Asks: 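My structure is below; once you've seen it, I'll send some questions.
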Amino acid sequence: MADEYRFELLTLSADELERVSALLRTVFPKAKHLTPRYLDWQHRQNPDGEAVGCNAYLGRALVGHMAAMPLTGRIEGEERRGLFMVNGAVDAAHRGRRLQSRISAAIFEESVRRGYSFCFGTGNKWSTGPLLTRFQMVKPLDARIGFGWPRRRDRPVRPSFERSWSEDALRWRLANPEGRYSVTRRGEAIAIASATWLPGVSAILHQGPGRGGVPAGGAAPGPVRVWLGLDPQIDWGASAFLPVPRRLRPSPLNLVYKDLTGGGFVPDPERVVFQGLDFDPF
């Protein structure tokens, strides 16, 4: 049966997004936000570029999918175009046939053709193993819970990797049709939080330099706040946050990275800045 599968790059047509949404919500029944409207926003409206993705078909049936979202990142201080992998899914009846590997290979080939230099993603306890056949492990994400906002160090750390958000990209990110965000301005800094499925609990997505074109607004963040990501510039010892043990996390996540240039570069795990805004866990 393996040779009967057909692999096609995304066209981003309305009909295709409807079919992809149906597959994703079958594979991930709790992910109600994966609507055609959400996928149109995520795949087509991103100012950094349209999604690079691939579908697997058996006959006329869509049985597998994965996409990669374009972005700009700073690699050791140099801006480069890259991708973040999202929405990997294979219909239950077609698992164990290496569809995700073949889908990923098609995405990598097309990404190189379009001039992207790196790709990264997050894997949970089930998907990290398969991902590491195609990516390099960077580091497990940190998870914290507490009150207020994390305190940042006075002396900044030069990141080995961080995402670079333009004003247009940040406006697009906050226009997520399924998101509920708050933006708080504090002097020259901006803080962004998101509602979660838990009443009174919000997720901290971003803290950083302010952007004048992004206005403050949205409901005030809940009193209890969670933080998920990597950031060596946060002083957790001076912050009112405690680590969440891995055994208590619903789905511990690991950051993985692939150098599409063939050079084998992997960011220094102790100097990676990767915030919730960069991958939207909530």
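Treat the numbers as computed from the prediction; the structure is a model and nothing was measured.
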Asks: Do Lys258 and Phe120 form a cation-pi contact, if we require the NZ or CZ to be under 6.0 Å from the six-membered ring centre and within 45 degrees of the ring's axis?
Replies: no
Asks: Report whether Leu9 and Val63 are members of the same hydrophobic cluster (ILVMFWY, side-chain heavy atoms less than 4.5 Å apart, transitive linking).
Replies: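 Unlinked, Leu9 and Val63 end up in two clusters.
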Asks: Is the backbone N or O of Asp48 less than 3.5 Å from a side-chain atom of Trp172, with the two atoms forming a donor-acceptor pair by type?
Replies: no
Asks: Could you check whether the rings of His94 and Tyr5 sit parallel, tilted or perpendicular, using 30° and 60° as the cut-offs?
Replies: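 Rings of His94 and Tyr5: perpendicular, over 60°.
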Asks: Please report the C-alpha distance between Glu109 and Arg113 in whole Å, then the side-chain angles of each, then the deciding distance to 0.1 Å, and finally whether the side chain to side chain contact (heavy atoms under 4.5 Å, CB included) criterion is met.
Replies: CA-CA 6 Å; Glu109 181 178 354; Arg113 190 188 72 79; 6.0 Å; no
Asks: So do the side chains of Thr72 and Ser166 get within less than 4.5 Å of each other, counting heavy atoms only?
Replies: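 Of all side-chain heavy-atom pairs linking Ser166 with Thr72, none is under 4.5 Å.
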Asks: Does any part of the side chain of Leu170, heavy atoms only, come nearer than 4.5 Å to the side chain of Leu277, both counted from C-beta?
Replies: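 Yes; the side chains approach each other to less than 4.5 Å.
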Asks: Between Ser127 and Asn124, is there a donor-acceptor pair closer than 3.5 Å when you use the side chain of the first and the backbone of the second?
Replies: yes
Asks: Can you tell me if Arg144 uses its side chain to pair, donor with acceptor, with the backbone of Pro150 under 3.5 Å?
Replies: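 Pair absent, no side-chain N/O of Arg144 close to backbone of Pro150.
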Asks: Determine, step by step, whether Lys32 and Glu178 satisfy the salt bridge (charged side-chain N to carboxylate O under 4.0 Å, His left out) criterion, reporting the C-alpha distance in whole Å, the side-chain angles of both residues, the deciding distance to 0.1 Å, and the verdict.
Replies: CA-CA 9 Å; Lys32 306 298 184 183; Glu178 304 295 335; over 6 Å; no
Asks: When you check the gap from the basic side-chain N to the acidic O, do Arg152 and Asp231 get nearer than 4.0 Å?
Replies: yes
Asks: Do Asn46 and Met69 pass the side chain to side chain contact (heavy atoms under 4.5 Å, CB included) test, and can you show the C-alpha distance, the side-chain angles, and the key distance before you say yes or no?
Replies: CA-CA 8 Å; Asn46 182 355; Met69 308 306 301; 4.2 Å; yes
Asks: Would you say that Met66 contacts Asn87 through its side chain, given a criterion of any heavy-atom pair below 4.5 Å between the two side chains?
Replies: no
Asks: If you measure from CG on Leu260 to CZ on Arg81, what distance do you get to the nearest 0.5 Å?
Replies: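 Between Leu260 CG and Arg81 CZ, I get 11.5 Å after rounding to 0.5 Å.
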Asks: Given the side-chain rings of Phe135 and Phe118, with only the six-membered ring counted for Trp, is the space between their centroids under 6.0 Å?
Replies: no
Asks: Is it the case that the side chains of Ser13 and Asp15 hold a donor-acceptor pair, with the cut-off being a distance below 3.5 Å and no angle test?
Replies: no
Asks: Taking all atoms of both residues into account, what is the closest heavy-atom pair of Ile107 and Ala68, and its distance?
Replies: CG2-CB, 4.2 Å
Asks: Does a side chain donor of either Gln42 or Asn176 reach within less than 3.5 Å of an acceptor in the other side chain?
Replies: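 Short answer, no.
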Asks: Would you mind reporting whether Asn254 and Leu141 have side-chain heavy atoms less than 4.5 Å apart?
Replies: no
Asks: Not counting sequence neighbours, which residues clear side-chain hydrogen bond (donor to acceptor under 3.5 Å, both in side chains) with Asn55? List them please.
Replies: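 Once residues adjacent in sequence are excluded, the partners of Asn55 under the side-chain hydrogen bond (donor to acceptor under 3.5 Å, both in side chains) criterion are Glu16, Tyr57, His65.
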Asks: Does any part of the side chain of Val138, heavy atoms only, come nearer than 4.5 Å to the side chain of Val266, both counted from C-beta?
Replies: yes
Asks: Would the distance check show the side chain of Ser239 and the main-chain N or O of Arg151 forming a donor-acceptor pair, the cut-off being under 3.5 Å?
Replies: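 Present.
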Asks: Would you compute the distance between atom OG1 of Thr11 and atom NE2 of His43 and round it to the nearest 0.5 angstrom?
Replies: 10.5 Å
Asks: Go through the steps for Val90 and Leu23 under the test side chain to side chain contact (heavy atoms under 4.5 Å, CB included), then give the verdict.
Replies: CA-CA 8 Å; Val90 172; Leu23 172 66; over 6 Å; no
Asks: For the atom pair CG (Asp91) and CG (Leu58), what is the distance rounded to the nearest 0.5 Å?
Replies: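 Result: 10.0 Å between the selected atoms.
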Asks: For residues Tyr116 and Arg80, is any side-chain donor paired with an opposing acceptor at under 3.5 Å?
Replies: no
Asks: With a 3.5 Å cut-off and no angle check, do the side chains of Ser104 and Arg134 form a donor-acceptor pair?
Replies: yes
Asks: Do Phe279 and Leu228 come close enough that some side-chain heavy atom pair is under 4.5 Å?
Replies: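 Yes - at least one pair of side-chain heavy atoms lies under 4.5 Å apart.
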Asks: Look at atom CD of Gln45 and say whether more than 12 heavy atoms of other residues, nucleotides or ligands are closer to it than 6.0 Å.
Replies: yes
Asks: How long is the gap from CG on Leu174 to CD1 on Ile192, to the nearest 0.5 Å?
Replies: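 Result: 5.0 Å between the selected atoms.
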Asks: Are the side chain of Thr196 and the backbone of Val201 linked by a donor-acceptor contact shorter than 3.5 Å?
Replies: yes
Asks: Where is the tightest heavy-atom contact between Phe241 and Gly146, given as atom of each residue plus distance?
Replies: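 Heavy atoms of Phe241 and Gly146 come nearest at CD2-N, 3.4 Å.
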Asks: Would you find a donor on one side and an acceptor on the other, under 3.5 Å apart, between the side chain of Arg25 and the backbone of Thr35?
Replies: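 Answer holds: no.
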Asks: For a quick test of reading the model, state the closest non-hydrogen atom pair linking Ser117 to Asp259 and the distance between them.
Replies: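 Closest pair (atom of Ser117, atom of Asp259, distance): O-OD1, 3.5 Å.
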Asks: Could you check whether Arg102 makes a cation-pi contact with Phe7, meaning its NZ or CZ is under 6.0 Å from the centre of the six-membered ring and within 45° of the ring axis?
Replies: no
Asks: Does a donor on one side chain and an acceptor on the other come within less than 3.5 Å for Arg173 and Tyr181?
Replies: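 Yes, Tyr181 and Arg173 have a side-chain donor paired with an acceptor closer than 3.5 Å.
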Asks: Is a side-chain N or O of Ser21 found less than 3.5 angstrom from the main chain of Glu18, in a donor-acceptor match?
Replies: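 Absent.
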Asks: With hydrophobic residues grouped by side-chain heavy-atom distances under 4.5 Å, do Leu242 and Leu198 end up in a single group?
Replies: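 Result: no, two separate clusters.
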Asks: What is the distance from atom CZ of Phe84 to atom OH of Tyr257, rounded to the nearest 0.5 Å?
Replies: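 Nearest 0.5 Å value for the CZ-OH distance: 13.5 Å.
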Asks: Regarding Glu76 and Ser160, is there a side-chain donor-to-acceptor distance under 3.5 Å anywhere?
Replies: yes
Asks: Between the main-chain N or O of Val157 and the side-chain N or O of Gln233, is there a donor-acceptor pair closer than 3.5 Å?
Replies: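 Answer holds: yes.
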Asks: Answer whether the closest heavy-atom distance between the side chains of Leu17 and Arg44 falls below 4.5 Å.
Replies: yes
Asks: Stepwise, does the salt bridge (charged side-chain N to carboxylate O under 4.0 Å, His left out) test hold for Arg114 with Glu110?
Replies: CA-CA 6 Å; Arg114 297 190 193 185; Glu110 179 64 11; 2.8 Å; yes
Asks: To the nearest 0.5 Å, how far apart are CH2 in Trp227 and CD1 in Ile234?
Replies: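 Going from CH2 on Trp227 over to CD1 on Ile234, the span is 4.5 Å.
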Asks: Assess whether atom CZ of Arg98 is packed by more than 12 heavy atoms of other residues, nucleotides or ligands within 6.0 Å.
Replies: no
Asks: Using a 6.0 Å distance limit plus a 45 degree cone around the ring axis, check whether Arg163 lies over the aromatic ring of Trp165.
Replies: yes
Asks: For the residue pair Val273 and Asp278, what are the closest heavy atoms and their distance?
Replies: O-OD2, 4.1 Å
Asks: Can you give me the closest heavy-atom contact between Leu71 and Leu83, atom names plus distance?
Replies: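 Here Leu71 and Leu83 meet closest at CD2-C, 3.9 Å.
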Asks: Considering non-hydrogen atoms only, spot the tightest contact between Pro269 and Lys139 and give its length.
Replies: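 It is O-CD, 3.5 Å.
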Asks: Do Ser194 and Arg180 come within less than 4.5 Å of each other through their side chains, counting heavy atoms only?
Replies: no
Asks: Can a side-chain donor-acceptor contact be found between Ser164 and Arg74 if the only test is distance below 3.5 angstrom?
Replies: yes
Asks: Would Val226 and Phe147 show up in the same hydrophobic cluster when neighbours are defined by side-chain heavy atoms closer than 4.5 Å?
Replies: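 In one cluster with Val226: Phe147, yes.
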